[in-house]
> 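First the structure, then my questions, so here it is.
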Amino acid sequence: MSQSPNKWHQETIESQKSKMEKTVPISPLPSDIATLTLPNGKTIQLPVYKGTKGPPMIDITQLQSKTGYFTLDPGFSSTGACISTMTYIDGDKGELLYRGYPIETLAKYSSYIEVCYLFIYGHLPSQKELSLFEETMVSEMMINEKLIEFYKGFATDSHPMAIMVGVVGALSAFMHKDFDVNDPRDREQIAIKLVAKMPTLAAYAYRTALGLPIIYPNKKYSFIENFLYMMFSTPMNDFNVDKVIVKALDTIFMLHADHEQNASTSTVRIAGSSLANPFACIAAGITALWGPYHGGANEAVLNMLKEIGNKENIPKYLQKAKSKDNCFRLMGFGHRVYKNYDPRAKVMQEMCYSVLEKTQRANDILESQLAILLEQAALKDDYFIQRKLYPNVDFYTGIVYEALSIPTSMFTVMFAVQRSIGWICQWMEMMSEKVQRISRPRQLYVGEDQREYIPIQDRKEEEKSRVCKLPMHSSLFGLVKV
Ligand code: ACO
C-alpha cells in the first residue's frame, strides 16, 4: 500500500506492531484423544482441542487421508471451521464476548470506534490512542470521486443492498495493486479504509436512490455523527443531531460489530481463502447477509409487524409461523447458536424505549407495543418453548431504525456497515495464520452413476420443450411469469 505516513502511523507503527501480533491465533495443544471406529473396521485416534471457553472440538483433518471417510454436515451444525481469538458466544447462557469483554459492558461504557480498535489491535485503547484512531477513521471516510459515478448506473428502484454489493465490490478496482495481503501493516490499512468508507458508501446509496445531493464527510463530526450527517443533512441547512440519537446509533453499531462464524463471516473467510481481493471478499459477505434468515431479518420484522397490524391478529400469525407453510417464520426469532435470550436483543429492547421516549412518534410506539405483545405470546407458546426460540438482535432493531428515520430498505445496509469491522478482522485473522488452505468442502454425491452418451440425432424428442419461451425484449427487464 502506498506509504503516506500520517500522524497515526508515525506515532504507533512500532508500539502497535507487537500488540497486533497477539491477535494471531495460535493452535492449542490437544487436550484429549477421541477414538473413532468406522464401518470398514478401521479405528482412528483423533486429537481433541479445548479453547479458552466453549465445547471441545474433535480435529478431523486427518480422517479422510487415514480412513477414506469424509464427514457430512450440511448447514455446519457440528462443524468448526477455524481457530479464532475475536468473539465468543455461549448460546445456552446467552453470553457474547468481544475479545473477552461482555457485550453489555461494551454497549454501556464503550463506543463503536473503541470496539473497532479492540478488534483490530486486540486490546482497548488509551484515550490518546482512541482520539488518534478516530481522527484517522474520519479522515478515511471520503471515497474516490470516480466511485460516485457508479451510483448513477443503478436502476432507480434498486434495493440499496444491491447497490452495496456493487460499490463495495468496486472498491477492489480502486485498491488492488499497491498492497500485499501478507503484510500485517497493509492488512491494518485495508481494515481502516474499508470500515471508514462503509458509512459513506451506504449514505450515498440512500441519497442517490432519493435523488438527494451527495454530502461529503466532515472532520468536525465524530464517526457516527458523520454517518447521520451524510444521510440526513442538506447543503441548505445547518446540521444538528441529538446526543441520545447518536448514542443509540453508536450502540447499535457495537451490537452488530461481530458474531463469530455466521453465514456472512464464513462467506468472507471462504472467499478470502483463495487470496481474493479483500474488498471483493467483503462484497461476498454483504451478499450472504442480505437474506431474511440472516441480516435481512431486521427489514422482514418491520414488514411483519406492519402486516400483523394489531394485537388481535397475533394468534393467527403465530399459527402461520408454526404451520411451516411457504417457509414462513416468525422473523427476529430463533438463532443457530442462542438457545436463550440473545444478549444483544436485551440491550436493543432497552434502547428502543429510550429512543421512542425521545422521538415520541405515535406509530413507532404502537409498533413497539405490538412487538412486546408478540414476543410475550411467542415465549408462552409450546412450539417456541420446545425449540428454544427467543428474540434475536433483529427483533427490535427495525423499530429503533424507523424511529431514527432510517428507511426500511436501508436496515440491512446498516447491518452491513456495522458488521464490516467483524468481517475484515476475521479476514485479517485468517490471513495472519502461518498455514493457509483454500476452503474446499466435499459432498455426498447422489446423482446419476456414469452413463452412456447418446449422440444428439439419436435422442428422443420430449413431448413438451422444457426450455421456457421468454417474450421479446425480456432480456432488458427482470423475470416474467411464463
Ligand atoms: N419461526 C418459526 N419456527 C422457527 C423459527 C422461527 N423464527 N426459527 C426456527 N424455527 C423452527 C424450525 O422450523 C425448526 O422446526 P422443526 O424442528 O419442527 O423442523 C426448528 O425451529 C429449528 O430450526 P432450524 O431451521 O434448524 O434452525 P437454524 O439454526 O437452522 O436457523 C435461523 C436459525 C435461520 C435464525 C432461524 O431461527 C430463522 O429463520 N429465524 C427467523 C429469521 C431471523 O430472525 N434471522 C435472524 C437471525 S440473527 C442474525 O442473523 C443477525
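Counting convention: from 1, in listed order, for ligands and their atoms alike.
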> Between CG of L305 and CG of N313, what distance do you get to the nearest 0.5 Å?
12.0 Å
> For residues 351-360, which residue pairs qualify under side-chain hydrogen bond (donor to acceptor under 3.5 Å, both in side chains), counting only residues two or more places apart or in two chains?
D242-K358
> For K380, is there an ion pair with E375 - N to carboxylate O distance below 4.0 angstrom?
no
> Within 45° of the axis and under 6.0 Å from the centre of the six-membered ring of F119, does NZ or CZ of R99 qualify?
no
> ring-ring contact (aromatic ring centres under 6.0 Å, His included) with Y221: which residues, sequence neighbours excluded?
Y229, F239
> Test: side-chain hydrogen bond (donor to acceptor under 3.5 Å, both in side chains). Region: residues 71-83. Which pairs qualify, not counting sequence neighbours?
D73-T79
> Would you mind listing each N/O atom of ligand 1 next to any protein N/O under 3.5 Å, plus the distance?
unit_1   : atom_1 : unit_2 : atom_2 : d
ligand 1 : 1 (N)  : L330   : N      : 3.0
ligand 1 : 3 (N)  : Y383   : OH     : 2.8
ligand 1 : 7 (N)  : L330   : O      : 2.7
ligand 1 : 7 (N)  : F333   : O      : 2.9
ligand 1 : 13 (O) : K324   : NZ     : 2.9
ligand 1 : 15 (O) : K324   : NZ     : 3.0
ligand 1 : 15 (O) : R387   : NE     : 3.2
ligand 1 : 18 (O) : K324   : NZ     : 3.1
ligand 1 : 18 (O) : R387   : NE     : 3.1
ligand 1 : 18 (O) : R387   : NH2    : 3.0
ligand 1 : 25 (O) : R329   : NH1    : 3.3
ligand 1 : 25 (O) : R329   : NH2    : 2.9
ligand 1 : 29 (O) : R336   : NE     : 2.8
ligand 1 : 30 (O) : R336   : NH2    : 3.0
ligand 1 : 39 (O) : R329   : NH1    : 2.9
ligand 1 : 40 (N) : F333   : O      : 2.9
ligand 1 : 44 (O) : G332   : N      : 2.8
ligand 1 : 44 (O) : N392   : ND2    : 2.9
ligand 1 : 45 (N) : Y293   : O      : 3.0
ligand 1 : 50 (O) : H294   : ND1    : 2.8

